[in-house]
Enquirer: 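I'd like to ask some things about the structure below.
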Amino acid sequence: MDQPFTAAGEGGSLTVTPTTVTVHSGARERAIPLQQVATVTLQHPGLGTGYLHLVLYNDPHPERVLAEWVADGEAVVIRAADYPAFATARDLIERYRAALPPEPPSTE
């Protein structure tokens, strides 16, 4: 399945391709190369808020909260009915990341 896959949530949507994940929130759109994604956190909406959060390498503010992740285009808030589509999106992101060529060593 190398076609773009889109999952729509309460607070926006995201589209996954083999090289990029694009977060759409209101009028904002942020394309993130998969090489920048360290991990994907998927929180099931139970008693609290559900979300899919893209944890990025070199995040200068890792202590931020959900509202800030959403505002920065790194998370989407989801409902229980949205969870299966976002679980598929998470699985695709992880599969595509695993298939990426290794990054060359840093020369810094």
Side-chain angles (χ1 to χ4, degrees):
M1 173 193 266
D2 288 347
Q3 298 297 319
F5 176 82
T6 299
E10 180 177 340
S13 64
L14 59 84
T15 301
V16 181
T17 71
T19 59
T20 307
V21 58
T22 303
V23 179
H24 313 272
S25 179
R28 182 163 189 209
E29 181 176 296
R30 180 176 181 191
I32 302 169
L34 290 182
Q35 290 95 339
Q36 292 181 8
V37 178
T39 191
V40 180
T41 303
L42 180 60
Q43 175 66 44
H44 191 282
L47 296 176
T49 302
Y51 59 87
L52 183 139
H53 174 221
L54 302 167
V55 179
L56 306 180
Y57 287 111
N58 301 319
D59 183 350
H61 306 288
E63 70 284 348
R64 295 175 299 148
V65 296
L66 180 58
E68 294 169 311
W69 297 334
V70 170
D72 288 343
E74 296 170 13
V76 177
V77 175
I78 65 172
R79 300 173 295 249
D82 306 327
Y83 187 83
F86 280 87
T88 299
R90 176 203 55 208
D91 294 346
L92 284 171
I93 291 167
E94 290 174 352
R95 188 178 97 209
Y96 292 152
R97 282 182 56 241
L100 290 172
E103 289 289 308
S106 175
T107 58
E108 296 178 22

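Numbers here are sequence positions counted from 1.
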Enquirer: Please give me the minimum heavy-atom distance between Leu14 and Ala89, naming the atom from each residue.
Expert: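 Distance-wise, the nearest heavy atoms are CD1-CB, 3.7 Å.
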Enquirer: How about Tyr96 and Thr17: do any of their side-chain heavy atoms sit closer than 4.5 Å?
Expert: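 Contact flag for Tyr96/Thr17 side chains = no.
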Enquirer: Taking all heavy atoms of Asp82 and all of Glu10, pick out the closest pair and write down the distance.
Expert: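 Result for this residue pair: OD2-N, 3.5 Å.
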Enquirer: Of all heavy-atom pairs between His53 and Ala75, which one has the smallest distance, and what is that distance?
Expert: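 Smallest heavy-atom distance, with atoms named: CA-CB, 4.1 Å.
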Enquirer: Could you pull out the closest heavy-atom pair between Glu74 and Leu56, with the gap in Å?
Expert: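 Closest pair (atom of Glu74, atom of Leu56, distance): OE2-CD1, 3.7 Å.
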Enquirer: Taking all atoms of both residues into account, what is the closest heavy-atom pair of Pro45 and Tyr83, and its distance?
Expert: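 Heavy atoms of Pro45 and Tyr83 come nearest at CD-CD1, 4.0 Å.
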Enquirer: First locate atom CZ of Phe86, then atom NE2 of His44, and finally report the distance between them rounded to the nearest 0.5 Å.
Expert: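 Interatomic distance, Phe86 CZ to His44 NE2, rounded to 0.5 Å: 12.5 Å.
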Enquirer: Verify side-chain contact (heavy atoms from CB on, under 4.5 Å) between Gln43 and Thr49, making sure each step is shown before the conclusion.
Expert: CA-CA 8 Å; Gln43 175 66 44; Thr49 302; over 6 Å; no
Enquirer: Just by modelled atom types, is the Val21 backbone N or O under 3.5 Å from a matching donor or acceptor in the Arg30 side chain?
Expert: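 Checked: no pair found.
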Enquirer: Are Val55 and Leu42 in one and the same hydrophobic cluster, where Ile, Leu, Val, Met, Phe, Trp and Tyr link if side-chain heavy atoms are under 4.5 Å apart?
Expert: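 No, separate clusters.
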Enquirer: So among Thr20, Thr19, Leu100, which one has a side-chain contact (heavy atoms from CB on, under 4.5 Å) with Gln35?
Expert: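 Option passing the side-chain contact (heavy atoms from CB on, under 4.5 Å) with Gln35: Leu100.
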Enquirer: Which distance, rounded to the nearest 0.5 Å, do you find between the OG1 of Thr15 and the NE2 of His24?
Expert: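 Answer for the OG1-NE2 pair, Thr15 versus His24, is 3.0 Å.
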Enquirer: What's the spacing between Thr41 OG1 and Arg90 CZ if we round to 0.5 Å?
Expert: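 The distance works out to 10.0 Å.
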Enquirer: Can you check whether Val40 reaches Leu54 side chain to side chain, under 4.5 Å on heavy atoms?
Expert: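 Side chain of Val40 against side chain of Leu54, heavy atoms only: contact under 4.5 Å found.
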